[in-house]
Amino acid sequence: CILLSEVIKRAIVTEESLLVIPTFGVQVQTRFSSGKCKSKFIPFGDIEDVIINEGVRAFDVIYYFAVLHKHNSELTVAFETFQPRLVELRKIRHVTRQILFSDNTHH
């Protein structure tokens with residue numbers, strides 16, 4: 001019972017973030033209550049677009065923010081645990097696109 005409690009405690013997500021750096025790329029990060037941090041960096045040259053996609057989970061339709069990779073069909077999903085509402089996701093996508101593609105030659 002104590003072991004299960006420790007496993008659950010380590011798996012609790014306390015923070016999710018998206019760091020967007022113009023001409024450099026995007027970092028998606030998840031921090032856990034144990035202090036562990038999981039990060040993924042996508043270089044600017046590998047980014048095709050940032051999108052809001054919809055998925056089905058059980059009996060619900062959910063919306064999620066993702067970075068679409070240029071050279072393959074991979075998606076990197078941000079905010080997997082906290083799942084912001086669609087209105088917030090639209091704001092995040094808009095600002096992210098402004099920062100990444102500010103020269104307006106993309107999208």
Side-chain angles (χ1 to χ4, degrees):
C1 191
I2 294 173
L3 179 61
L4 180 59
S5 174
E6 283 301 309
V7 169
I8 291 171
K9 185 177 176 182
R10 279 187 234 140
I12 295 173
V13 173
T14 57
E15 181 182 323
E16 292 181 300
S17 64
L18 179 74
L19 175 63
V20 183
I21 306 168
T23 69
F24 196 63
V26 172
Q27 178 176 297
V28 176
Q29 183 171 297
T30 304
R31 186 173 305 277
F32 299 89
S33 58
S34 65
K36 180 182 174 188
C37 192
K38 181 177 87 172
S39 297
K40 180 165 185 179
F41 180 76
I42 306 104
F44 178 74
D46 293 347
I47 298 172
E48 176 68 30
D49 201 358
V50 291
I51 62 171
I52 298 172
N53 212 359
E54 66 179 28
V56 177
R57 184 175 60 190
F59 300 102
D60 291 329
V61 174
I62 59 167
Y63 296 95
Y64 57 92
F65 179 89
V67 178
L68 179 61
H69 295 241
K70 192 177 278 185
H71 305 293
N72 56 37
S73 59
E74 183 181 353
L75 288 177
T76 298
V77 178
F79 314 114
E80 289 183 77
T81 302
F82 295 130
Q83 298 177 339
R85 294 177 180 224
L86 182 57
V87 66
E88 276 79 31
L89 291 174
R90 287 182 175 146
K91 291 175 188 175
I92 293 167
R93 182 190 62 192
H94 177 76
V95 170
T96 302
R97 280 184 171 165
Q98 277 185 321
I99 293 169
L100 286 176
F101 311 121
S102 62
D103 64 359
N104 292 325
T105 60
H106 195 287
H107 309 279

Problem set entry | Nearest non-hydrogen partners of Leu18 and Ala78, listed with the distance | CD1-CB, 4.4 Å
Exercise. Side-chain heavy atoms under 4.5 angstrom apart, residues restricted to Ile, Leu, Val, Met, Phe, Trp, Tyr: same cluster for Leu19 and Phe24?
Worked result: yes
For this session: Considering non-hydrogen atoms only, spot the tightest contact between Phe32 and Val13 and give its length.
Result: CE2-CG2, 3.7 Å
Exercise. Near Lys40 NZ, under 6.0 Å, is it more than 12 heavy atoms from other residues, nucleotides or ligands?
Worked result: yes
For this session: Could you pull out all residues at least two apart from Ser39 that satisfy side-chain hydrogen bond (donor to acceptor under 3.5 Å, both in side chains)?
Result: Gln29
Exercise. Does Glu74 offer a backbone N or O that forms a donor-acceptor pair with the side chain of Asn72 under 3.5 Å?
Worked result: yes
For this session: Give a yes or no on whether Phe44 and Ile99 share a hydrophobic cluster (residues Ile, Leu, Val, Met, Phe, Trp, Tyr; joining criterion: side-chain heavy atoms under 4.5 Å apart).
Result: yes
Exercise. With sequence neighbours excluded, what pairs up with Pro43 under the side chain to side chain contact (heavy atoms under 4.5 Å, CB included) test?
Worked result: Phe41, Asp46
Problem set entry | side chain to side chain contact (heavy atoms under 4.5 Å, CB included) partners of Glu80, counting only residues at least two apart | Glu16, Val77
Seminar exercise, completed: Across all chains, not counting sequence neighbours, the side chain to side chain contact (heavy atoms under 4.5 Å, CB included) partners of Ile51 are Asp49, Asn53, Ala66, Leu75
Problem set entry | Joint cluster assignment, Val20 & Ile52, ILVMFWY side-chain distance < 4.5 Å | yes
Seminar exercise, completed: Applied to residues 51-70, the ring pair (Phe, Tyr, Trp, His ring centres under 6.0 Å) test, sequence neighbours excluded, yields none
Exercise. Is the backbone N or O of Thr14 less than 3.5 Å from a side-chain atom of Ser33, with the two atoms forming a donor-acceptor pair by type?
Worked result: no
For this session: List for me each residue that meets side-chain hydrogen bond (donor to acceptor under 3.5 Å, both in side chains) alongside Arg57, sequence neighbours excluded, and say none if there are none.
Result: Gln83
Exercise. Should Val67 and Ile21 be counted in the same cluster of Ile, Leu, Val, Met, Phe, Trp and Tyr side chains packed under 4.5 Å apart?
Worked result: no
Problem set entry | Val50 with Ile42, same ILVMFWY side-chain cluster at under 4.5 Å | yes
With a 3.5 Å cut-off and sequence neighbours excluded, list the donor-acceptor pairs that the side chains of residues 87-96 form with protein atoms.
unit_1: Thr96; atom_1: OG1; unit_2: Ile92; atom_2: O; d: 2.7

